[in-house]
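In this chain, numbering begins with 1 at the start of the sequence shown. Counting convention: from 1, in listed order, for ligands and their atoms alike.
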Amino acid sequence: MLLQRAVPPGKPVTPQDAYGDLRLEDLAPADRPHVVANFVASADGKATVAGRSGGLSGAADRAAFHLLRSQADAILAGTGTLRTENYGRLVRDPQLEERRRGQGRCAQPLAVVISRSGEIPWEVPLLADPASRAVIFAPADTELPATGAQLIRAPLGDSVDLGAMLTILREQHGVRSLLCEGGPALLGALMAAGWLDELFLTLAPTLAGGAELPVSTGPALPDPLELDRVSALSADGTLLLRYRRR
Ligand SMILES: NC(=O)c1ccc[n+]([C@@H]2O[C@H](COP(=O)([O-])OP(=O)(O)OC[C@H]3O[C@@H](n4cnc5c(N)ncnc54)[C@H](OP(=O)(O)O)[C@@H]3O)[C@@H](O)[C@H]2O)c1
């Protein structure tokens, strides 16, 4: 057998060259958004160092992270991630905001929050920022506080139906590309329900150890999901991988 070199040395590209023009929305089917997730993992498959993702992320990951954010119609994060990572404004670079406007998008992606318990960390800066618009999928009796952000109610049924959430995002909010930024529980749920189209995975040259959270948790999959590799880039020992569902 022969092995292919996954990352042949070639002409270096900037993060903008590699990830600046993804056009994720063009990949959306008619009835839901194209769903991608972006994660950073240690070489031993963990999503955190000392309970947070920051210890795994370096300059290349941060560049890809912000470029991805700037190209999504909406961004989904679990309540655990919102809380632990103390989420703030989604697109911070005024140039990226300007590019979004030029593409006919809102300057800020729509934030999407989904909670079964209704215990939403309203105090995080993202949900208090007047520039934010957030769709809140939560039980019908969840009160939306006046935080300063534009909060839009989307009641959940008895179960957390991610498929129904995707339909509502597309039909009622025009979302064609949805970026899930975690955490592991929400990624596991999206995978198990069959809604994950692509995974952007940064593999950091770090070993995090057994006490940390893995990249996905939650229900078993009936069968492993097969992926095709779309691209592989490297920077200082970090691998930036893009996979698509086969
Ligand atoms: N390495 C990375 O790239 C990365 C990315 C993101 C996060 N993280 C880390 O991951 C940790 C947080 O992740 P987590 O797994 O604990 O929580 P999470 O996935 O961020 O959030 C889980 C919560 O989301 C809500 N949820 C709604 N629908 C759900 C569904 N169908 N399945 C599962 N959850 C659903 C529930 O909220 P309610 O409890 O309100 O019902 C649930 O408790 C943090 O330590 C963070 O630093 C790492």
Option nearest atom 10 (O) of ligand 1 (shortest heavy-atom distance, choices G182, P184, G218) = P184
key: Contact (N/O only, under 3.5 Å) between R52 and ligand 1   = no
inquiry  = Using heavy-atom distances only, which candidate in S115, A47, A41 approaches atom 48 (C) of ligand 1 most closely?
reply    = A47
ask   = Within the structure, does G183 bring an N/O atom to less than 3.5 angstrom of an N/O atom in ligand 1?
value = yes
query = So is F39 polar-close to ligand 1, meaning N/O to N/O under 3.5 Å?
reply = no
request  = Could you tell me whether some N/O pair between V40 and ligand 1 is separated by less than 3.5 angstrom?
outcome  = yes
task = Compare L213, T217, T84, D61 and give the one whose heavy atom is closest to atom 11 (C) of ligand 1.
result = L213
inquiry  = Is it the case that the side chain of R100 and the backbone of A72 share a donor-acceptor pair, with hydrogens and angles ignored and the cut-off at 3.5 Å?
reply    = yes
note = Looking only at heavy atoms, the pair that brings S216 and L187 closest together is CB-CD2, 4.0 Å
inquiry  = Can you tell me which residue among E25, R176, E198, R23 is in a side-chain hydrogen bond (donor to acceptor under 3.5 Å, both in side chains) with H34?
reply    = E198
task = Please verify whether a non-hydrogen atom of I114 lies at under 4.0 Å from ligand 1.
result = yes
message = Less than 4.5 Å apart, side chain to side chain, heavy atoms only: is that true for R69 and R92?
response = yes
key: Contact partition for S117 relative to ligand 1, non-hydrogen atoms under 4.0 Å   = both
query = Short list, please: which atoms of ligand 1 are under 4.0 Å from a heavy atom of G51?
reply = 44 (C), 45 (O), 47 (O)
Within reach of ligand 1, part of E119 (heavy-atom separation under 4.0 Å) = backbone
message = How far is atom 22 (C) of ligand 1 from the closest protein heavy atom, and which atom is that?
response = A185 CB, 3.9 Å
ask   = Does the T14 side chain pair with the main chain of D17, one donor and one acceptor, at a distance under 3.5 Å?
value = yes
ask   = Checking S132 side chain against L126 main chain: does a donor-acceptor pair fall under 3.5 Å?
value = yes
inquiry  = Counting only heavy atoms, tell me which of V215, I120, T79 gets closest to atom 24 (O) of ligand 1.
reply    = T79
ask   = Which is closest to atom 21 (O) of ligand 1 in terms of heavy atoms, A208, A192, G80?
value = G80
key: Side-chain H-bond candidate by donor/acceptor type, S42 with E212, under 3.5 Å   = no
ask   = Which residue, Y19, F39, Y243, forms the side-chain contact (heavy atoms from CB on, under 4.5 Å) with F200?
value = Y19
request  = For ligand 1, indicate whether the residue T48 contacts it via side chain, backbone, both or neither (heavy-atom separation under 4.0 Å).
outcome  = side chain
Sidechain-backbone polar pair: T142 side chain, P139 backbone, donor-acceptor under 3.5 Å = yes
query = Does V91 offer a backbone N or O that forms a donor-acceptor pair with the side chain of Q108 under 3.5 Å?
reply = yes
task = Report the part of E85 (side chain from C-beta onward, or backbone N, CA, C, O) that has a heavy atom under 4.0 Å from ligand 1; answer both or neither where that applies.
result = side chain
key: Side-chain ion pair, R89 and D129, N-O less than 4.0 Å   = yes
Closest protein heavy atom (residue, atom, distance) for atom 6 (C) of ligand 1 = E181 O, 3.0 Å
key: Residue and atom name of the nearest protein heavy atom (relative to atom 12 (C) of ligand 1), distance in Å to one decimal   = T81 OG1, 3.6 Å
inquiry  = Taking distance alone, with N or O pairs closer than 3.5 Å, would you say L56 contacts ligand 1?
reply    = no
